[in-house]
Novice: 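One structure coming up, written as C-alpha cells, with questions to follow.
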Amino acid sequence: MSDLAGKTVLVTGASGFVGCHLVRELALCGARVHGLGIEAPRATLPLEQWHMADIADAGALGLAVVAARPDIVVHLAGQASAGKSFEFPVETFRANAHGTWQLMLAVRAAAPQARVLAIGTGEIYGPQPAGSRADEDTPLRPVSPYALSKAAADLYAQMAAADGLDVVRTRSFAHAGAGQDPRFAVPSWARQIAAIERGAAPPVLRVGNLDITRDLCDVRDVARAYVALLLRGTSGKAYNVCRGEGITLARLLESLQSMAQVPLRLEVDAARLRPADVPYLVGDPARIHADTGWRAETPLDNTLEAVLDDARASLISP
C-alpha cells in the first residue's frame, strides 16, 4: 500500500487516547476516517462517520464493517489497563481477545481485501532480564489478565493472517501524551501536580512502585508508527513499537517534578501497587526500523511537558 489518500479507514476505539491522535494523523494523510466505539466521539475529531458498536458484539460489529466498507481497519478498541484487569479479568478477556476474534470474522465477511492493523502490547513478553531488549521472537510470558488477553488477541490476529487476511500486528510498548487516562502513572502524577499547583490538594504526590523500567514513547510518535506500518508493514508480521531504551519510573517522576511550580513530597500509596508487575521491559525496534524507517523521535521531556500542560488545562476547563 503506497498511499492513504482517499482510502476509507475504520478505527475501532477512535475516541480513546491513541485513537484521537491516530485519527488526526490519518486525516492529515488524506484518509477518510470512520470511527467505531461505545461512546460518542469528540466533536473535534475529523471523522467522516461514527459507528456505535461494542467490539465484542458480533451483530453490531458486522453491521458497522458493512456500513463503513473500509479499505483499512485499525483495531485499537479494548480494555487497556493492566491494573484494572485484575479486578475485571473476564470483562478484559471479552473486550480484548473475544473482541479481536469478532473483528477478524467481521472483516473476513464484509471487507476481506482490507488491510488490518491489530494493536497489541509489549506486556505480552512479561518480565525480561535487566539490560536486555525483547524482540518479536521473544517467548510470551504474560503476568496479568490484561497481558494474557492481549497475547490471545495477538495469536488470533496471527491466525487470521495465516488464513489469508492482510493483517499486520503491533506489540506496542508504553506510551504517554496529552489526553491519556489518569489511571496510568504519568498522567496521574501530572494531574496531582496540577491540582497541587492550584492549591486544590496538599503538596503530596501519591505514587506506586517506582523501581520499574519501561520503554516509553510519545503518543504522537506511536500514531506515526501505525501509519508507517499501514503503508510499509509486511502482512503476517508482528512489530515492536518502541524506543529501544529503558527508563525507570523514578527517573520519569524526577523529570516531571522538576517541571512543577511548587515543591512536592512523595508518598507510596498501596492502592497504586499491582498484584503482579513487570520490573523490567524494554523492546527491540530493529524490525520496524528496517521495514518502515520509523523511529521514536520525540524527547521524553517534551512528552512530559505535553502531559503536564494537558493536566493543567483540564483543571481550568469547565
Side-chain angles (χ1 to χ4, degrees), residues 11 13-29 33 35 41-47 74 76 80-81 119 121-122 170 172-198 200-201 205-208 210 212-228 241-262 264 266 272 282-283 285 288 294-318:
V11 180
S15 63
F17 166 49
V18 182
C20 290
H21 290 273
L22 180 60
V23 166
R24 295 186 182 101
E25 192 70 23
L26 289 167
L28 287 174
C29 295
V33 188
R42 301 180 190 183
T44 56
L45 284 181
L47 292 168
V74 182
L76 280 164
S81 169
I119 307 302
T121 174
T170 84
S172 303
F173 286 64
H175 36 281
Q180 191 172 23
D181 193 304
R183 288 178 301 172
F184 296 91
V186 173
S188 169
W189 301 335
R191 289 286 185 95
Q192 292 182 70
I193 290 171
I196 293 167
E197 288 177 343
R198 290 182 60 82
L205 195 58
R206 301 187 184 279
V207 301
L210 300 179
I212 288 174
T213 298
R214 286 292 182 269
D215 187 329
L216 184 67
C217 287
D218 190 287
V219 68
R220 294 164 291 191
D221 284 342
V222 170
R224 288 190 284 269
Y226 295 167
V227 170
V241 176
C242 58
R243 189 178 296 271
E245 301 170 3
I247 186 169
T248 64
L249 295 190
R251 178 68 185 86
L252 280 172
L253 182 54
E254 180 183 322
S255 294
L256 196 60
Q257 278 183 277
S258 72
M259 300 173 189
Q261 298 166 358
V262 293
L264 308 165
L266 305 184
R272 297 173 186 269
V282 175
I288 193 171
W294 175 87
R295 293 177 184 271
E297 298 174 349
T298 305
L300 287 179
D301 278 354
N302 290 12
T303 305
L304 296 176
E305 288 172 357
V307 176
L308 187 52
D309 287 345
D310 182 58
R312 288 166 175 155
S314 71
L315 291 182
I316 297 170
S317 301

Novice: From Gln180 CD over to Arg191 CZ, what is the distance, rounded to the nearest 0.5 angstrom?
Specialist: 10.5 Å
Novice: Identify the two heavy atoms, one from Ser15 and one from Leu45, that lie closest to each other, and give their separation to 0.1 Å.
Specialist: CA-CD1, 4.4 Å
Novice: Give me the atom names and distance for the closest heavy-atom approach of Ala260 to Arg312.
Specialist: CA-NH2, 4.3 Å
Novice: Decide yes or no on side-chain contact (heavy atoms from CB on, under 4.5 Å) for Leu256 and Val307, but give the supporting numbers first.
Specialist: CA-CA 9 Å; Leu256 196 60; Val307 176; 5.7 Å; no
Novice: For Val227 versus Cys29, what's the shortest heavy-atom pair and its separation?
Specialist: CG1-SG, 4.0 Å
Novice: For the residue pair Val18 and Ile119, establish whether any side-chain heavy-atom pair is separated by less than 4.5 Å.
Specialist: no
Novice: Closest heavy-atom contact between Ala225 and Val241?
Specialist: CB-CG1, 3.8 Å
Novice: For residues Ala14 and Val11, report the shortest heavy-atom separation together with the two atoms involved.
Specialist: CB-O, 3.4 Å
Novice: Is any side-chain heavy atom of Asp221 closer than 4.5 Å to one of Trp294?
Specialist: yes
Novice: Can you tell me how far apart CG (Asp309) and CE (Met259) are? Round to the nearest 0.5 Å.
Specialist: 9.0 Å
Novice: Answer whether the closest heavy-atom distance between the side chains of Phe17 and Asp181 falls below 4.5 Å.
Specialist: no
Novice: Can any side-chain N or O of Gln261 pair as donor or acceptor with the backbone N or O of Glu197 at less than 3.5 Å?
Specialist: no
Novice: Out of curiosity, Arg243 CZ to His175 NE2, how far, rounded to the nearest 0.5 Å?
Specialist: 13.0 Å
Novice: Is Tyr226 close to Leu26 at the side-chain level, that is, under 4.5 Å between some pair of heavy atoms?
Specialist: no
Novice: Between Gln257 (side chain only) and Ile193 (backbone N and O only), is there a donor and an acceptor less than 3.5 Å apart?
Specialist: no
Novice: Can you give me the closest heavy-atom contact between Ala296 and Cys217, atom names plus distance?
Specialist: CB-SG, 3.7 Å
Novice: Compare all side-chain heavy atoms of Thr248 with those of Leu210 and state whether any distance is below 4.5 angstrom.
Specialist: no
Novice: Examine distances only and state if a side-chain atom of His21 and a backbone atom of Ala178 form a donor-acceptor pair shorter than 3.5 Å.
Specialist: yes
Novice: Using 0.5 Å steps for rounding, measure from the OG atom of Ser255 to the CG atom of Asp301.
Specialist: 5.0 Å
Novice: Do Val186 and Arg214 touch side chain to side chain, with heavy atoms closer than 4.5 Å?
Specialist: no
Novice: Should Trp189 and Leu249 count as side-chain neighbours, where that means a heavy-atom distance under 4.5 Å?
Specialist: yes
Novice: For the atom pair CD (Glu305) and OG1 (Thr298), what is the distance rounded to the nearest 0.5 Å?
Specialist: 11.5 Å
Novice: With a 3.5 Å distance limit and no angle check, can you tell me whether Asp215 reaches the backbone of Phe173 through a side-chain donor-acceptor pair?
Specialist: no
Novice: What distance do Leu304 atom CG and Leu216 atom CG have between them, rounded to the nearest 0.5 Å?
Specialist: 7.5 Å
